[in-house]
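The structure appears right after this line, and notes come after that.
Order of the sequence lines sets the chain letters (A, B, ...), proteins ahead of strands, with each chain counted from 1.
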Number of protein chains: 2
Amino acid sequence: MTEAATINRTGRKFQQVLDGAREVFLRDGFEGASVDDIARVAGVSKATLYSYFPDKRLLFSEITQTECNAMAERALNLIDETNPPREVLTIAASQIVPFLLSEFAQRIFRICMAERDRFPELARAFYAAGPGMGRQRLAEYLELSTARGELVIDDVQMAAEQFSELCKVKLWNLAAFGVQTEFSQEEIDDVVTNAVETFMARYGA
Amino acid sequence: MTEAATINRTGRKFQQVLDGAREVFLRDGFEGASVDDIARVAGVSKATLYSYFPDKRLLFSEITQTECNAMAERALNLIDETNPPREVLTIAASQIVPFLLSEFAQRIFRICMAERDRFPELARAFYAAGPGMGRQRLAEYLELSTARGELVIDDVQMAAEQFSELCKVKLWNLAAFGVQTEFSQEEIDDVVTNAVETFMARYGA
DNA sequence: TTGCAACTAAACTCACCGGTTTATATTTTT
DNA sequence: AAAAATATAAACCGGTGAGTTTAGTTGCAA
């Protein structure tokens with residue numbers, strides 16, 4: 001007994017269900033999304049949906065985990081370690097800032113916050129795959145660059161955190177609180193250059 | 001006609017309702033809180049509650065607006081402008097960091113994120129009363145200190161934002177994503193001194 | 001004492017939602 | 001073509017939650 005309550009991935013319309021669930025969950029969050037709505041958007045009957053997934057929670061976990069992995073993948077291929085720090089950091093910031101402001105990153109972040117009590121694992125997984133991974137990657141570069149004598153850093157983890165945080169200045173709060181949703185290239189560049197400038201003022205060789 | 005659907009503040013137990021609603025909303029958020037539960041915690045019948053507030057939404061707005069104003073009040077009396085920047089900023093950061101990590105600030109933030117689509121005004125009001133107000137206050141000090149020649153800042157708004165953001169390093173993310181909830185004085189001091197150090201490296205005279 | 005206003009508990013309406021079942025139809029396999 | 005697997009619509013179940021109604025109680029003021 002004790003049915004494993006697992007996911008049945010064999011059906012013809014499995015991918016349709018995933019796609020529909022992704023759309024609705026990203027739009028409405030966990031509580032906000034109704035299973036009927038997901039089935040309708042997926043172009044599938046509710047019974048079919050339930051023949052793949054034992055319940056709503058597992059469907060939600062599946063979607064968000066997939067999304068987190070996809071994000072980690074994207075975040076990984078950002079840094080070219082051969083250039084001098086100022087250049088590397090400027091390029092990195094130029095990619096980090098718009099990503100942090102993207103509809104996608106903002107949605108996922110909000111869902112994590114909203115469902116943190118219901119799904120503590122979700123927020124933690126997102127942290128590990130997203131901000132945590134990015135900072136780790138950055139810390140490795142800073143370590144290398146310090147060894148080369150290009151930077152002077154005693155605590156690379158702290159330095160990496162500070163740089164990430166400097167990338168959130170101004171615009172991220174505006175986006176998160178819904179005060180402003182569109183950002184000009186000038187606004188972004190301003191944040192990027194100031195992040196690099198402040199970072200280099202402290203850690204530049 | 002078109003009943004104003006307004007709040008009736010005259011009843012004897014009005015304050016009880018507010019107190020109960022504050023507790024339950026802060027604990028469970030908007031969707032998570034049931035009106036029955038609020039009435040029970042407030043020690044009041046549901047009919048009485050509905051004789052004060054036309055609906056749940058308005059009750060929620062009332063509570064959160066009150067909370068935001070209270071927070072703005074607290075945040076205002078932080079800075080003593082007569083001391084040198086390094087000291088002022090260290091003291092400010094020492095108060096800002098623990099506040100950002102407090103159960104209260106975290107709860108309100110999460111509720112704002114969770115209900116951003118349902119109550120866009122709520123998140124914006126919180127931003128204006130909280131982060132926005134704090135940064136404005138800090139910017140004024142930086143302006144003053146720059147005029148005195150103690151600091152060298154061309155864009156004080158940007159500098160204020162950077163300092164606030166440096167206060168969020170490491171610990172705030174851990175708290176927001178539920179990875180860690182308790183923080184030692186050492187962890188906090190580490191963030192504070194590094195925030196001040198980095199800030200002064202860029203903007204110190 | 002009477003009358004009135006606030007309050008109460010409890011039952012009730014109505015809508016929605018997660019999940020199941022049923023009876024039928026379509027595809028795929030043999 | 002027959003059998004087996006898969007999908008379907010629609011009805012259904014049990015539960016919950018917002019908001020209303022009702023019938024009765026408390027307390028105060030004239």
Distance alone, cut at 3.5 Å: any donor-acceptor contact between the side chains of A:Gln65 and A:Asn69?
no
Go through the side-chain N and O atoms of A:Glu197 and B:Gln162 and say whether any donor and acceptor fall under 3.5 Å apart.
no
For the side chain of [X] and the backbone of [Y], is there at least one donor-acceptor N/O pair under 3.5 Å apart?
{"X": "B:Ser145", "Y": "B:Leu142", "result": "no"}
{"X": "A:Glu115", "Y": "A:Asp117", "result": "no"}
{"X": "B:Ser61", "Y": "B:Leu58", "result": "no"}

Rounded distance in Å - [atom1] ([X]) to [atom2] ([N]):
{"X": "B:Gln15", "N": "C:dC7", "atom1": "CD", "atom2": "P", "answer": "13 Å"}
{"X": "B:Lys13", "N": "C:dT8", "atom1": "NZ", "atom2": "C1'", "answer": "8 Å"}
{"X": "A:Glu31", "N": "C:dC17", "atom1": "CD", "atom2": "P", "answer": "10 Å"}
{"X": "B:Leu59", "N": "D:dA18", "atom1": "CG", "atom2": "C1'", "answer": "13 Å"}
{"X": "B:Phe53", "N": "D:dT20", "atom1": "CZ", "atom2": "P", "answer": "15 Å"}
{"X": "B:Asp28", "N": "D:dG17", "atom1": "CG", "atom2": "C1'", "answer": "14 Å"}
{"X": "A:Phe60", "N": "C:dG19", "atom1": "CZ", "atom2": "C1'", "answer": "19 Å"}
{"X": "B:Asp55", "N": "C:dA15", "atom1": "CG", "atom2": "C1'", "answer": "16 Å"}

At under 4.0 Å, does any side-chain N or O of A:Tyr52 touch on OP1 or OP2 of D:dA7?
yes
Which residues in residues 36-50 of chain A have a heavy atom closer than 4.0 Å to any atom of DNA chain C?
A:Lys46, A:Ala47, A:Tyr50
Kindly assign one of parallel, tilted or perpendicular to the pair A:Phe104 and A:Phe99, based on the angle between their ring planes and the thresholds 30° and 60°.
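It falls in the tilted class, 30° to 60°.
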With DNA chain D as reference, determine whether A:Phe14 or B:Val35 sits nearer its 5' end, using the nearest nucleotide of each.
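So the residue in question is A:Phe14.
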